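Worksheet: the structure to be examined is printed underneath.
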Amino acid sequence: MDYAYKKKVQKGWQAWIDSELFLWNWYVTLTFATVIHPESADKSFRKWILILNKEMYGNNFKRKGLGCYWVRASEFQQRGALHYHLLMGNILPIIRRLSFMDIWHNKFKGFSKIEKYDKERKATSYLTKYIMKDGDIEIGGNLDNVVRQFELL
């Protein structure tokens, strides 16, 4: 892709992520202490999300149509280790960010930083910049409410 096209794609992602469809709660960075295969990294990430969803909504959260949603940008550090930047929504206020930073550190042996989402800090711009670097952006989780809102437009 040429630069101008990538820039348009980045701006489109940014506008969509910034739209009123999403109510973001957290801005998250997750790293790994060692170089890890992308599939293993994704598996760890999904386990962490599972722990979070079970904490918020109980073991039957999927059957009840509950759970968080997220958009994730993947980046390789200079040392070759993968790390993620995320925006996360549908996080219940009773959930302690520090507890889930500790879970990431203790269970997945990496560094994490979880901050309250602040639209003024331009997290979507930071996430979507990885399009310009041929990085990956993925959206997932429980998007049922987002999809319903989108269908109403």
Side-chain angles (χ1 to χ4, degrees), residues 1-3 5-57 61-92 95 97 100-101 103-105 107-119 121-151 153:
M1 282 191 273
D2 71 344
Y3 179 83
Y5 183 75
K6 284 182 183 179
K7 198 66 176 166
K8 285 181 183 178
V9 171
Q10 178 191 14
K11 292 292 182 189
W13 266 100
Q14 191 173 342
W16 187 60
I17 295 168
D18 271 340
S19 75
E20 293 179 12
L21 292 173
F22 300 102
L23 300 173
W24 302 114
N25 303 105
W26 288 356
Y27 176 64
V28 180
T29 301
L30 302 173
T31 68
F32 297 90
T34 60
V35 174
I36 184 171
H37 190 277
E39 288 177 10
S40 295
D42 183 61
K43 193 173 185 179
S44 294
F45 168 74
R46 290 179 190 279
K47 284 181 183 176
W48 184 74
I49 293 291
L50 180 65
I51 294 166
L52 174 61
N53 280 324
K54 284 183 175 183
E55 178 73 21
M56 289 191 295
Y57 301 109
F61 71 93
K62 284 184 185 178
R63 200 171 318 142
K64 296 175 185 174
L66 300 171
C68 67
Y69 55 84
W70 45 267
V71 61
R72 177 181 80 178
S74 304
E75 177 187 29
F76 285 94
Q77 296 172 318
Q78 286 183 343
R79 64 186 175 100
L82 182 66
H83 73 274
Y84 300 126
H85 298 283
L86 301 112
L87 287 175
M88 298 182 71
N90 208 26
I91 307 294
L92 296 179
I95 299 300
R97 291 176 292 127
F100 279 84
M101 290 170 60
I103 289 169
W104 183 262
H105 175 74
K107 189 164 181 68
F108 304 107
K109 308 301 180 215
F111 167 79
S112 66
K113 184 175 183 181
I114 302 174
E115 301 174 81
K116 287 183 180 177
Y117 175 70
D118 178 357
K119 189 172 185 166
R121 294 188 66 198
K122 311 267 188 229
T124 53
S125 176
Y126 190 78
L127 251 63
T128 58
K129 78 177 184 176
Y130 295 103
I131 291 169
M132 302 301 290
K133 299 178 175 185
D134 295 321
D136 288 329
I137 292 185
E138 180 182 359
I139 190 160
N142 181 9
L143 295 166
D144 289 347
N145 290 334
V146 175
V147 170
R148 274 190 227 106
Q149 289 177 56
F150 189 70
E151 289 171 345
L153 295 178

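Predicted model, so just to flag it, every value in this text is computed and none were measured.
- Ring centroid separation for the pair Tyr69 and Trp24 comes in under the 6.0 Å cut-off.
- Using a 4.5 Å heavy-atom threshold, the side chains of His105 and Ser112 count as separate.
- Closest of all the heavy-atom pairs between Glu115 and Arg121 is OE1-NH1, 2.8 Å.
- Looking at residues two or more places apart in sequence or on another chain, you find a ring pair (Phe, Tyr, Trp, His ring centres under 6.0 Å) between His83 and His85.
- Not counting sequence neighbours, the partners of Lys7 by the side chain to side chain donor-acceptor pair (under 3.5 Å) test are Gln10.
- Proximity of Tyr126 to Leu87: side-chain heavy atoms (C-beta onward) are nowhere separated by under 4.5 Å.
- Every residue two or more places apart in sequence or in another chain that forms a side chain to side chain contact (heavy atoms under 4.5 Å, CB included) with Lys116 is listed here: Arg97.
- The side chain to side chain donor-acceptor pair (under 3.5 Å) check on Asp18 picks up Thr124, with sequence neighbours excluded.
- Note on ring orientation: taking the six-membered ring where Trp is involved, the planes of Trp26 and Trp48 are tilted (angle from 30° to 60°).
- Phe108 pairs by the ring pair (Phe, Tyr, Trp, His ring centres under 6.0 Å) definition with Trp104, not counting sequence neighbours.
- A distance of 13.5 Å separates CZ of Arg72 from CD of Glu75, quoted to the nearest 0.5 Å.
- Using a 4.5 Å heavy-atom threshold, the side chains of Trp16 and Val71 count as separate.
- A 4.5 Å side-chain heavy-atom check between Tyr57 and Asn90 finds at least one atom pair inside the cut-off.
- Legend: residues meeting ring pair (Phe, Tyr, Trp, His ring centres under 6.0 Å) with Tyr27, ordered by chain and number and at least two apart, are absent.
- In this structure, Met56 and Leu92 approach most closely via the heavy-atom pair SD-N, 3.3 Å.
- The minimum heavy-atom distance between Gly67 and Phe61, with the atom names listed, is CA-CD1, 4.3 Å.
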query = Yes or no on side chain to side chain contact (heavy atoms under 4.5 Å, CB included) for Ile103 and Leu52, after CA distance, side-chain angles and deciding distance?
reply = CA-CA 10 Å; Ile103 289 169; Leu52 174 61; over 6 Å; no
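- By the side chain to side chain donor-acceptor pair (under 3.5 Å) test, Ser74 pairs with no residue at all, sequence neighbours left out.
- For the pair Leu66/Asn53, no side-chain contact is recorded, criterion being any heavy-atom separation below 4.5 Å from C-beta on.
- A salt bridge (Lys or Arg N to Asp or Glu O under 4.0 Å) check over residues 47-57, counting only residues at least two apart or in different chains, returns nothing.
- Applying the side chain to side chain donor-acceptor pair (under 3.5 Å) definition to pairs two or more places apart or across chains, none involves residues 31-41.
- The shortest heavy-atom contact between Val35 and Gly80 is CG1-O, 3.7 Å.
- With sequence neighbours excluded, the residues forming a side chain to side chain contact (heavy atoms under 4.5 Å, CB included) with Ala41 are Phe32, Ile36, Leu82, Tyr84, listed by chain and number.
- Under the rule for a side chain to side chain contact (heavy atoms under 4.5 Å, CB included), the partners of Arg63 that lie at least two apart in sequence or sit in another chain are Asn60.
- Here CD1 of Ile114 is found 8.0 Å from CZ of Phe100. Values are rounded to the nearest 0.5 Å.
- Taking the side chain to side chain donor-acceptor pair (under 3.5 Å) definition, one finds that Arg46 meets it with Asp42, Glu138, sequence neighbours left out.
- Between the CG atom of Asn25 and the CD1 atom of Ile95 there is a distance of 10.5 Å, given to the nearest 0.5 Å.
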